[in-house]
K.L.:
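Before anything else, here's the structure in question.
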Amino acid sequence: MEYIHSLPDGTKLAVWEERNQVLSLMLPLRRGMGVSVLARDALKDLVSVMFRGSVYYAYHSLEHRIMFGSAEDRGAAAVLSDPSDGRQYSALTLLEWMGELYLFFRARGQKEKSWELKVLRPLSGREAKTLWEGFTEPVEPVYAVGERLVILADGKFCTWDGKQPPEQGELLRLGTGQRARDAILKLEESNRQCREQAEALFRERELLVKSHEGQIAEFKKQYDDLAAYAAELQKEGKRWREKYYKKQ
């Protein structure tokens with residue numbers, strides 16, 4: 001798998017796997033710079049992502065370990081180890097969500113021999129958490145980030161807030177693959193449109209409030225003027241009544 005990331009300085013960094021190596025190349029090419037070797041023990045499942053200005057990557061090593069590292073450090077460390085390949089880690093996905101970097105992956109249960117979807121935070125904690133279990137086949141999960149993480153797998157979906165156990169939803173009846181990805185994209189587009197509409201309504205409300213504040217101030221001034229005028233009329237009427245009654 002190949003990835004190209006846009007760096008904060010405007011350059012780009014390409015990361016790819018070739019002949020059991022993880023390679024990187026800065027673009028555009030500059031004199032004296034060429035391909036850099038980030039790792040020499042890659043088996044499969046290379047993924048990479050931009051997070052806080054740096055490029056991080058993960059892959060399944062020849063020794064059946066899940067390796068994680070930064071392109072700046074030019075080195076990777078094992079975050080999961082399975083020398084016998086009994087767990088069969090696969091389907092790696094690196095995602096930025098809620099200000100954290102998450103590594104999602106698929107693993108085979110040691111007892112039931114079923115498949116699980118798991119997650120860990122490679123930068124702040126190495127303890128893996130099971131998000132979803134009980135799959136009889138090695139599913140191909142699809143992830144969508146928002147206020148809650150949405151996971152699609154085996155025609156079903158679940159949501160996770162990052163703290164409480166995930167909540168499973170109803171059957172999508174779309175299966176996985178391209179149709180499921182299309183469903184996720186539609187969901188993300190719908191969420192984006194809702195956010196834009198909400199922001200537009202909020203801005204409109206702010207303008208309306210400011211406009212009304214001016215109107216309210218003007219109405220209050222007119223009311224105060226009328227109240228003062230009415231008070232003067234009341235005083236004048238009182239003086240005339242007193243003067244009239246005295247003459248009578």
K.L.:
With hydrophobic residues grouped by side-chain heavy-atom distances under 4.5 Å, do Leu95 and Val139 end up in a single group?
P.N.:
yes
K.L.:
Rounded at 0.5 Å granularity, tell me how far CG in Leu23 sits from CD in Glu18.
P.N.:
5.5 Å
K.L.:
Hey, any chance Ile4 and Leu25 share a hydrophobic cluster, counting ILVMFWY side chains that come within less than 4.5 Å of each other, even indirectly?
P.N.:
no
K.L.:
Between Trp160 and Trp97, what is the ring plane arrangement, given parallel below 30°, perpendicular above 60°, and tilted in between?
P.N.:
tilted
K.L.:
When you check the gap from the basic side-chain N to the acidic O, do Lys44 and Glu17 get nearer than 4.0 Å?
P.N.:
no
K.L.:
Answer yes or no: are there more than 12 heavy-atom neighbours, outside Leu27 itself, under 6.0 Å from its atom CG?
P.N.:
yes
K.L.:
Let me confirm one number: the CG-OH distance from Leu46 to Tyr3, rounded to the nearest 0.5 Å.
P.N.:
6.0 Å
K.L.:
Using 0.5 Å steps for rounding, measure from the CD atom of Gln21 to the OH atom of Tyr59.
P.N.:
10.5 Å
K.L.:
Same cluster or not: Leu103 versus Leu123, using hydrophobic residues (I, L, V, M, F, W, Y) connected whenever any side-chain heavy atoms lie under 4.5 Å apart?
P.N.:
yes
K.L.:
Do the side chains of Leu62 and Val37 join up, straight or via other hydrophobic residues, at under 4.5 Å, putting them in one cluster?
P.N.:
no
K.L.:
Rounded at 0.5 Å granularity, tell me how far CG in Leu149 sits from CZ in Phe104.
P.N.:
4.5 Å
K.L.:
Tell me the closest heavy-atom pair linking Asp82 and Gln88, and the distance in Å.
P.N.:
OD2-N, 3.2 Å
K.L.:
Please lay out, stage by stage, how Arg106 and Glu140 fare under the test side chain to side chain contact (heavy atoms under 4.5 Å, CB included).
P.N.:
CA-CA 9 Å; Arg106 182 179 63 204; Glu140 294 292 338; 3.4 Å; yes
K.L.:
Would Tyr143 end up clustered with Met98 when hydrophobic side chains under 4.5 Å apart are linked, directly or stepwise?
P.N.:
yes
K.L.:
For Tyr89 versus Ile66, what's the shortest heavy-atom pair and its separation?
P.N.:
CB-CD1, 3.7 Å
K.L.:
Could you tell me which non-hydrogen atom of Leu120 sits nearest to which non-hydrogen atom of Glu127, and how far apart they are?
P.N.:
CB-O, 3.7 Å
K.L.:
If only atom types and distance count, is the side chain of Asp154 paired as donor or acceptor with the main-chain N or O of Lys156 below 3.5 Å?
P.N.:
no
K.L.:
Quick check: closest heavy atoms across Leu92 and Ala58, and the distance to 0.1 Å?
P.N.:
CD1-C, 4.2 Å
K.L.:
List the atom of Val150, the atom of Phe157, and the distance in Å for their closest heavy-atom pair.
P.N.:
CG1-CD1, 4.3 Å
K.L.:
Quick check for you: to the nearest 0.5 Å, what is the distance between Thr136 atom OG1 and Trp115 atom CH2?
P.N.:
11.0 Å
K.L.:
Identify the heavy atoms of Ala128 and Leu80 that sit nearest to each other, and give their distance.
P.N.:
CB-CD2, 4.5 Å
K.L.:
Are the side chains of Val47 and Thr93 in touch, meaning some heavy atoms are under 4.5 Å apart?
P.N.:
no
K.L.:
For Thr11, which residues count as a side-chain contact (heavy atoms from CB on, under 4.5 Å) partner, sequence neighbours excluded?
P.N.:
Leu7, Asp9, Met26, Arg30
K.L.:
Would you say the side-chain atoms of Asn20 pair up with the backbone N or O of Ala42, donor to acceptor, closer than 3.5 Å?
P.N.:
yes
K.L.:
CZ/Arg52 to CD/Glu100 distance, rounded to the nearest 0.5 angstrom?
P.N.:
6.5 Å
K.L.:
With sequence neighbours left out, which residue pairs that include part of residues 63-82 fulfil the ring-ring contact (aromatic ring centres under 6.0 Å, His included) condition?
P.N.:
Tyr56-Phe68, His60-His64
